[in-house]
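Since the structure comes first, as structure tokens, the remarks are kept for the end.
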Amino acid sequence: MKKISILTIVSLVSGSLFAGNPQRVGSAGASELLNNSWARNSGWGNVNTAGVRGVESVFLNIAGIANVENLELAFSNTQWLSGSDITINSIGLVKTVGGSGALAISLSNFSYGDLIVRTEAQPDGGISTISPYAAIITGGYAQKFTESIFGGVNLKFYNQGLPNLSVSALLVDAGVQYHTGKDNRLKFGITLRNIGPSAAFGGDGLSIQATVPGGGYSQTFSSRSAKFEFPSNLVIGGSYDFYLGSDQMLTAAINFQSNSLQKDEYGLGLEYSFRQTFMARVGYTIFDNRIDRQQTNVHTGLAAGVSFMLPMSKDAGGNNLAFDYSFRATRTPFLGTHTLGIRLSL
């Protein structure tokens with residue numbers, strides 16, 4: 001029954017995601033939900049929907065947390081669009097529960113720096129500064145149903161705003177993974193992300209003090225913020241592991257991401273692993289520009305990264321400390337997106 005429930009959720013909701021049309025591109029809010037702040041999988045273009053595991057699964061495919069053997073802790077720092085002063089700090093934890101389940105929690109905090117307050121009376125500023133913020137808190141559960149099938153659900157609390165203006169929402173992710181073939185080399189994955197109702201900003205920031213025409217006195221006027229939809233998407237991916245001798249492996253992955261409110265994406269990626277202690281990866285994302293025939297994404301599509309894993313015990317499969325780095329190429333004037341991460345597996 002659990003197996004059927006996860007697959008049913010994915011099937012029912014996916015139909016609405018394909019209902020997007022080109023006229024709605026750019027109309028979504030909360031673009032932070034599309035930013036992968038984890039180094040290991042962003043380093044090959046987010047293509048590992050089928051094989052992702054551990055803390056990073058809270059972004060890519062929540063089913064992957066069921067692959068954790070005991071406990072994993074992770075932290076990452078992202079310099080988003082280097083030169084823009086946008087920083088993302090993320091921390092997450094995955095812990096196995098029961099015989100085949102896993103729980104995950106994570107927090108991603110977005111810092112946009114200090115902005116100068118400008119008004120009609122003082123367009124050059126000099127009043128004060130404000131610090132916009134955004135945060136995403138997740139809590140997820142995944143289950144290993146068989147040796148080949150994994151599924152999970154993720155709840156996201158999203159909050160963004162200023163001291164006098166904010167918006168909050170609760171969103172849902174659902175995902176499954178299927179591993180098969182010799183040594184589970186062939187993997188498939190599907191996930192739905194950012195499913196939730198539309199939302200609108202609220203707060204005193206929508207009020208203004210103005211003089212009533214003909215009245216000779218001032219009054220506070222409040223306006224309503226228009227509602228916006230969240231950037232939901234359906235992602236389908238596959239991967240295959242090629243063993244190059246006893247201590248080397250090459251993984252090839254493909255990905256398709258159908259976005260409800262922006263262009264669809266096609267991804268390809270490769271990861272080379274040596275003795276599970278050094279990994280190098282590269283990925284490329286192709287954006288569907290057939291409608292306007294223009295490249296409108298700030299990222300060019302190229303991504304690359306490396307990981308170093310340091311065993312902390314002599315036992316095979318024991319405690320490990322890993323360091324991850326990823327780079328995503330961008331168009332000028334930005335200098336790429338850089339992510340550094342650290343993971344501890346116990």
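Only this structure's heavy atoms are used, side chains among them; waters, hydrogens and symmetry mates stay out.
Of the N and O atoms on the side chains of Ser232 and Ser260, at least one donor lies less than 3.5 Å from an acceptor on the other residue. Checked by atom type, the side-chain pair Gln257/Asn255 shows no donor-acceptor distance below 3.5 Å. For the residue pair Gln248 / Tyr243, no side-chain donor-acceptor distance below 3.5 Å is found, with atom types taken as modelled. A donor atom on one side chain and an acceptor atom on the other are not found under 3.5 Å apart for Asn61 and Thr49. Side-chain contact, Arg185 with Thr251: no donor N or O sits under 3.5 Å from an acceptor N or O. In this structure, a donor-acceptor pair under 3.5 Å is present between the side chains of Ser207 and Ser222. Under 3.5 Å, the side chains of Tyr158 and Glu32 contain a donor-acceptor pair of N or O atoms. Asp114 and Ser131 share a side-chain donor-acceptor pair at under 3.5 Å.
Val298 approaches Phe334 most closely through the heavy-atom pair CG2-CD1, 3.6 Å. Contact detail for Gly175 and Ile62: the closest heavy-atom pair is N-CG2, 3.8 Å. Minimum interatomic distance between Thr300 and Tyr284 (heavy atoms only, all atoms of both residues): O-OH, 3.7 Å.
Within the 4.5 Å cutoff, the side chain of Val306 has no heavy atoms near those of the Met279 side chain. Residues Leu310 and Phe323 are in side-chain contact: their nearest non-hydrogen atoms beyond the backbone lie under 4.5 Å apart. Using a 4.5 Å heavy-atom threshold, the side chains of Thr87 and Asn89 count as touching.
Tested against Arg281 for a side-chain hydrogen bond (donor to acceptor under 3.5 Å, both in side chains), the candidates Ser273, Ser307, Ser42 yield a single pass: Ser307. Only one option out of Leu81, Asn36, Asn35 pairs with Thr337 in a side chain to side chain contact (heavy atoms under 4.5 Å, CB included); it is Leu81.
Counting non-hydrogen atoms of other residues, nucleotides and ligands closer than 6.0 Å to CD of Glu147 gives a total of 12 or fewer.
Below 30°, between 30° and 60°, or above 60°: for His338 and Phe327 the angle between ring planes is between 30° and 60°, a tilted geometry.
In this structure, Arg53 is not positioned above the aromatic face of Phe150 in the sense of NZ or CZ being under 6.0 Å from the six-membered ring centre and within 45° of the axis.
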